[in-house]
Amino acid sequence: MVKFSVPEMHCGGCIASVTRAIQAGDKAAIVAANLETHLVEVTSHLPAAQIAGLIDDAGFSVKQVG
Ligand SMILES: [Cu+2]
């Protein structure tokens with residue numbers, strides 16, 4: 001499981017966009033997002049850098065934090 005900080009994620013729509021972007025790369029990815037902490041936990045076979053790239057491509061700034 002890798003953890004990302006996505007500070008611009010502010011509502012359910014943002015979570016849906018982030019989830020969709022990640023699952024476009026790995027449809028089996030498990031995505032758990034928290035609006036209070038702006039953290040996204042991802043369980044996926046994709047490398048962390050690639051997941052960060054997918055989130056970034058969806059228009060959100062992103063930083064791996066764990
Ligand atoms: Cu939003």
Side-chain angles (χ1 to χ4, degrees):
M1 190 263 285
V2 279
K3 222 182 260 189
F4 301 92
S5 174
V6 185
E8 292 152 7
M9 184 181 68
H10 289 299
C11 72
C14 296
I15 291 178
S17 298
V18 167
T19 301
R20 209 179 309 119
I22 296 167
Q23 290 181 341
D26 172 12
K27 61 180 184 318
I30 298 166
V31 180
N34 184 313
L35 284 179
E36 275 166 38
T37 59
H38 303 285
L39 291 177
V40 180
E41 296 180 354
V42 183
T43 303
S44 169
H45 65 80
L46 297 175
Q50 192 176 339
I51 298 169
L54 290 166
I55 297 171
D56 184 72
D57 287 347
F60 297 89
S61 48
V62 56
K63 191 175 138 215
Q64 187 181 351
V65 292

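Side-chain atoms are counted along with the backbone in the values below, which use heavy atoms only and exclude waters and symmetry mates. Order of appearance sets the numbers: ligands from 1, and atoms from 1 within every ligand.
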Does [X] belong to the same Ile/Leu/Val/Met/Phe/Trp/Tyr cluster as [Y], with side-chain heavy atoms less than 4.5 Å apart forming each link?
X	Y	value
Val65	Leu54	no
Phe4	Leu39	no
Leu46	Val6	yes

With heavy-atom distances below 4.5 Å as the criterion, would you say the side chains of Ser17 and Phe60 are in contact?
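They are in contact (side-chain heavy atoms under 4.5 Å apart), so the answer is yes.
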With a 4.5 Å limit on heavy-atom distance, are the side chains of Ser5 and Val62 in contact?
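In short, these two side chains do not touch, never coming nearer than 4.5 Å.
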Would you say Glu8's side chain and Ser61's backbone share a donor-acceptor pair under 3.5 angstrom?
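Yes; judged by distance alone, with no hydrogens or angles, the pair exists.
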Inside 2.8 Å of the Cu ion (ligand 1) but strictly below it, how many protein N/O/S atoms are present?
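Total protein N/O/S atoms under 2.8 Å from the Cu ion (ligand 1): 2.
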